[in-house]
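One structure below.
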Amino acid sequence: MSDRRSAGKRVVAIAVFDGVEMLDVAGPVQVFSTASRTTEAVDYDVVIVAAEPGPVRTSSGVPLIAERGWGQLGADTHTLVVPGGLRDDGRGPLVDQKLVEWLRSGAPMPGRVVSVCTGAHTLAAAGLLAGRSATTHWSTADLLAAEHPDITVASDAIFVNDGPVWTSAGVSAGIDLALALVAADNGEAVARLVAQWLVVHLRRTGGQHQFSALLGPRRSTSERIAQLLAWIPEHLRGDLSVDALAMRINVSPRHLSRLLRDELDTTPAALVERMRVQAAVDQLLHTDAPIATVATQAGFGSVASLHRAFARVYKVTPGQYRRQFSTRVDLDESTAR
């Protein structure tokens with residue numbers, strides 16, 4: 001990384017702090033630097049910044065070297081990236097208060113502010129996500145929504161763009177987000193070349209729920225419940241009543257309810273609804289299927305049932321969710337109602 005600047009450069013500042021997640025930093029850095037190396041007309045200059053210049057401890061123990069302090073960022077900064085981290089006990093997002101205070105200080109902000117993973121909690125604490133849509137790591141999405149009810153949290157989205165603010169899901173999703181930023185800056189052909197070079201998908205299919213521990217179980221699931229969790233998504237259009245689910249794993253309906261309460265802190269009906277909603281989200285985000293088709297494929301008896309489920313889970317209609325978070329472009333309005 002060099003201090004040389006030119007008119008054509010886009011300066012990308014990565015704000016780090018003790019305990020930052022290494023891949024939250026390295027993923028975007030690799031995307032932006034690869035874009036510059038593989039395309040002559042693209043010139044990003046990535047700089048690591050912290051409370052003050054010097055070494056910064058990452059969660060992996062490998063140190064990073066901050067070239068300058070946050071307050072030394074100049075007017076030439078194009079993008080500010082705020083990565084995430086977890087507290088030492090692993091029980092919640094690590095929010096660096098010094099960084100929050102600097103973001104709140106009224107210091108000139110770049111035209112684009114980005115968070116990776118739990119970095120969204122830092123942006124939220126600084127007031128930068130108020131009234132906006134955002135995402136974060138699946139494990140802290142509910143916490144973000146609870147602590148900041150003025151934020152519309154898209155817990156399944158890989159990344160979300162709301163005006164000048166972009167947020168991404170957990171860890172490796174920072175690569176997806178950085179590729180989207182490269183595409184926004186330079187066109188999709190450049191982003192596709194970078195993705196090919198890095199041997200990653202330009203746009204991965206499915207949302208981040210496919211990587212989550214379903215519904216955030218409080219302890220490891222038993223073999224019976226694990227089998228049920230694997231079986232339900234393949235049979236969403238079938239009979240998923242309590243009796244049918246209990247019969248599937250050879251227990252009584254009452255015993256099934258107890259198992260789900262103890263292992264997943266949920267009920268059979270809530271579990272099935274959540275899986276159907278997740279299936280619907282996949283279709284809304286990544287296909288142009290009409291809402292009626294989405295409802296049928298996800299196992300809802302009607303469009304009205306799908307709407308009621310989305311109102312409970314996301315507080316918006318399926319069409320509103322698609323318009324806010326779909327990665328598809330030129331979506332036909334007839335499919336988004």
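Only this structure's heavy atoms are used, side chains among them; waters, hydrogens and symmetry mates stay out. If you read the sequence from its start, that first residue is 1, and numbering goes on from there.
In this structure the side chain of Val81 never reaches within 4.5 angstrom of the side chain of Asp24, judged on heavy atoms. In this structure, the side chains of Ile225 and Leu256 come closer than 4.5 Å at one or more pairs of heavy atoms. Residues Leu179 and Arg192 fail the side-chain proximity criterion, which asks for heavy atoms closer than 4.5 Å. Two residues are said to be in side-chain contact when any heavy atoms from C-beta on lie closer than 4.5 Å; Ile175 and Gln30 fail this criterion. Using a 4.5 Å heavy-atom cutoff, the side chains of His137 and Leu143 are not in contact. Contact annotation: the side chain of Val11 approaches that of Val47 to within less than 4.5 Å [non-hydrogen atoms, C-beta and beyond]. Residues Glu52 and Trp70 form no side-chain contact, since every pair of their non-hydrogen atoms from C-beta on lies 4.5 Å or further apart. By the 4.5 Å heavy-atom criterion applied to side chains, Thr140 and His121 are counted as neighbours.
In terms of modelled atom types and a separation under 3.5 Å, the side chain of Thr293 and the main chain of Ala289 share no donor-acceptor contact. Checking side-chain atoms of Thr118 against main-chain N and O of Gly85 turns up a donor-acceptor pair under 3.5 Å. One N or O on the side chain of Thr136 and one on the backbone of Cys117 form a donor-acceptor pair closer than 3.5 Å. A distance-only check finds no donor-acceptor pair linking the side chain of Thr39 to the backbone of Val42 [under 3.5 Å]. Although no hydrogens or angles enter the test, the distance criterion places a donor-acceptor pair under 3.5 Å between the side chain of Thr58 and the main chain of Val62. In terms of modelled atom types and a separation under 3.5 Å, the side chain of Asn161 and the main chain of Trp166 share no donor-acceptor contact. When atom types are taken as modelled, the side chain of His148 and the backbone of Asp150 share no donor-acceptor pair closer than 3.5 angstrom. The main-chain N or O of Asp162 is found under 3.5 Å from a side-chain atom of Arg132 such that the two form a donor-acceptor pair. Judged by distance alone, with hydrogens and angles left aside, the side-chain atoms of Asp45 form no donor-acceptor pair with the main-chain N or O of Lys9 at under 3.5 Å. Looking only at distances, a side-chain donor or acceptor of Ser36 sits under 3.5 Å from a matching main-chain atom of Tyr44.
Closest non-hydrogen pair, Leu80 versus Pro110, comes out as CB-CG, 3.7 Å. In plain terms, the two heavy atoms of Ser59 and Met22 that are nearest each other are OG-N, 4.0 Å. Scanning all heavy atoms of the two residues, the minimum distance from Ala13 to Thr77 falls at CB-CG2, 4.1 Å. Listed here is the closest heavy atom pair of Gly319 and Ile291: N-CD1, 4.3 Å. Here the closest heavy-atom approach between residue Ala134 and residue Thr167 is recorded as CA-OG1, 3.3 Å. Nearest heavy-atom pair across Val25 and Pro83 is CG2-CG, 3.9 Å.
In this structure, CZ on Arg104 lies 7.0 Å from CD on Gln97, to the nearest 0.5 angstrom. Of the inter-residue distances, the one linking Leu271 atom CG with Asp265 atom CG reads 12.0 Å to the nearest 0.5 angstrom. Atom CG of Leu144 is separated from atom OG1 of Thr135 by 8.5 Å, given to the nearest 0.5 angstrom. Atom CG of Leu259 and atom CG of Leu245 lie 12.0 Å apart (nearest 0.5 Å). The distance from the CE atom of Met275 to the CG atom of Leu236 is 8.0 Å, given to the nearest 0.5 Å. Going from atom CG of Asn186 over to atom CZ of Arg10 covers 5.0 Å, rounded to the nearest 0.5 Å.
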Exercise. Take Thr79 and Val114, measure what side-chain contact (heavy atoms from CB on, under 4.5 Å) needs, and give me the verdict at the end.
Key: CA-CA 7 Å; Thr79 300; Val114 173; 3.8 Å; yes
Quiz item: Does the side-chain contact (heavy atoms from CB on, under 4.5 Å) test come out yes or no for Val116 and Phe159, once each step is laid out?
Solution: CA-CA 9 Å; Val116 179; Phe159 63 83; over 6 Å; no
Quiz prompt | Criterion salt bridge (Lys or Arg N to Asp or Glu O under 4.0 Å) on Asp43 and Arg37, from CA distance to verdict | solution = CA-CA 8 Å; Asp43 199 358; Arg37 294 201 311 271; over 6 Å; no
Practice problem: Using the side-chain contact (heavy atoms from CB on, under 4.5 Å) rule, take Phe32 and Val194 through it: C-alpha gap first, then chi angles, then the decisive distance, then the call. | Solution: CA-CA 9 Å; Phe32 290 121; Val194 174; over 6 Å; no
Practice problem: Dump the intermediate steps for side-chain contact (heavy atoms from CB on, under 4.5 Å) on Arg261 and Thr266, then the final yes or no. | Solution: CA-CA 5 Å; Arg261 182 187 65 241; Thr266 191; over 6 Å; no
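Under a hydrophobic clustering in which Ile, Leu, Val, Met, Phe, Trp and Tyr are joined whenever their side-chain heavy atoms come within less than 4.5 Å, directly or via other members, Val100 and Val113 fall into different clusters. Val165 is connected to Ile158 through a chain of hydrophobic side-chain contacts under 4.5 Å among Ile, Leu, Val, Met, Phe, Trp and Tyr, so both are in one cluster. The hydrophobic clustering, which links ILVMFWY residues whose side-chain heavy atoms are closer than 4.5 Å, places Leu64 and Val82 together. Linking ILVMFWY residues whenever their side-chain heavy atoms come closer than 4.5 Å, directly or via other members, places Leu260 and Val251 in the same cluster. Under the 4.5 Å side-chain contact rule for hydrophobic residues, Leu86 and Val20 do not share a cluster.
We find that Arg87 and Asp89 are joined by a salt bridge, their nearest charged nitrogen and carboxylate oxygen being less than 4.0 Å apart. With respect to the salt-bridge test (charged N to carboxylate O, under 4.0 angstrom), the residues Arg312 and Glu273 qualify. Salt bridge Arg322/Asp288: absent, no basic N to carboxylate O contact under 4.0 Å.
Under 3.5 Å, the side chains of Glu263 and Ser222 contain a donor-acceptor pair of N or O atoms. Looking at Arg254 and Ser257, their side chains never bring a donor and an acceptor atom within 3.5 Å of each other. Side-chain contact check for Asp239 and Ser241: at least one donor-acceptor pair (N or O, by modelled atom type) lies under 3.5 Å. With no hydrogens or angles considered, no side-chain donor-acceptor pair links Thr287 and Gln283 at under 3.5 Å.
Atom CE of Met247 has 12 or fewer heavy atoms from other residues, nucleotides or ligands within 6.0 Å. The number of heavy atoms from other shown groups lying within 6.0 Å of CH2 (Trp231) is above 12. The neighbour count for Gln227 CD, taken as heavy atoms of other residues, nucleotides or ligands under 6.0 Å away, is above 12.
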